[in-house]
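In what follows, a structure is listed as structure tokens, so that the remarks can point back to it.
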Amino acid sequence: MYAIVEIAGQQFKVEKDQKVYVNRLEGKEGSKVAFDNILLLNNAGKILLGDPSVKGASVEAKILKHLKDDKVIVFKKKRRKGYKVKNGHRQFLTQIMVENILEKAKKIQTKAKPEVKEEKVSDKKTKTVSPKTLKDTVKKTAVKKPAAKWLIKKV
């Protein structure tokens with residue numbers, strides 16, 4: 001079983017018990033992280049392709065250590081001009097180990113219902129609706145503006 005996962009803006013093909021170097025992640029060494037953006041999932045020949053991601057699937061991993069990559073030297077030169085610039089860069093990385101690939105996640109998301117509050121004001125019941133539901137119910141009507149005077153052509 002393997003999955004193609006988007007981790008920190010990059011796509012990786014991961015399998016169970018595989019160690020992967022990714023761009024630096026938030027979290028301490030030894031903590032667990034879960035990735036929900038699964039693009040493709042292969043389970044013994046049964047392929048699930050996401051649109052854009054597979055719903056309900058997740059990959060659980062453990063952070064092994066934070067480290068820095070090898071130094072990359074960037075050297076620029078323009079011949080016969082006396083221009084030379086030398087720069088170096090070391091990328092911050094995190095080594096993770098994939099512990100589990102889940103086809104269906106444990107969490108089940110439910111849709112939130114709009115909030116309706118009832119208040120009692122002088123023996124009358126009034127309802128107040130949350131602003132989100134108010135925007136959905138109120139339709140805006142367009143007001144037609146008169147044409148500008150300079151656009152009107154006299155014959």
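Heavy-atom basis, side chains included; hydrogens, waters and symmetry copies ignored. Please read all numbers here as calculations on a predicted model, not as lab measurements.
The side-chain heavy atoms of Asn43 and Leu48, taken from C-beta on, include no pair separated by under 4.5 Å. Side-chain contact between Ser53 and Ile38 is absent, with no heavy atoms from C-beta onward closer than 4.5 Å.
Nearest heavy atoms, Ser58 versus Asp36: CB-OD1, 3.5 Å.
Scanning for salt bridge (charged side-chain N to carboxylate O under 4.0 Å, His left out) contacts around Glu99 gives Lys32, with sequence neighbours left out. In this structure, Gln11 has no side chain to side chain donor-acceptor pair (under 3.5 Å) partners at least two apart in sequence or on a different chain. Considering only residues two or more places apart in sequence or on other chains, Asn100 meets the side chain to side chain donor-acceptor pair (under 3.5 Å) condition with none of them.
A continuous path of hydrophobic side-chain contacts links Leu41 to Val20 [ILVMFWY only; heavy atoms under 4.5 Å]. Both Val59 and Met1 are members of a single hydrophobic cluster when ILVMFWY side chains are connected at heavy-atom separations under 4.5 Å. No chain of hydrophobic side-chain contacts below 4.5 Å, direct or via other Ile, Leu, Val, Met, Phe, Trp or Tyr residues, connects Leu64 to Val22.
Residues in residues 15-31 take part in no salt bridge (Lys or Arg N to Asp or Glu O under 4.0 Å) pair, two or more places apart or across chains. The salt bridge (Lys or Arg N to Asp or Glu O under 4.0 Å) pairs that include a residue from residues 42-59 are Lys46-Glu103, where partners are two or more places apart or lie in different chains.
Its side chain within the 4.5 Å cluster rule, Leu39 clusters with Tyr2, Ile4, Leu40, Ile47, Leu49 among the Ile, Leu, Val, Met, Phe, Trp and Tyr residues.
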Only pairs under 3.5 Å count here: list side-chain donor-acceptor contacts from residues 81-96, not counting sequence neighbours, and write none if there are none.
from	atom 1	to	atom 2	distance (Å)
His89	NE2	Gln91	OE1	3.0
Arg90	NE	Asp69	O	3.0
Arg90	NH2	Asp69	O	3.4
Thr94	OG1	Leu25	N	3.0
Thr94	OG1	His66	ND1	3.1

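Atom OH of Tyr21 is separated from atom CZ of Phe12 by 12.5 Å, given to the nearest 0.5 angstrom.
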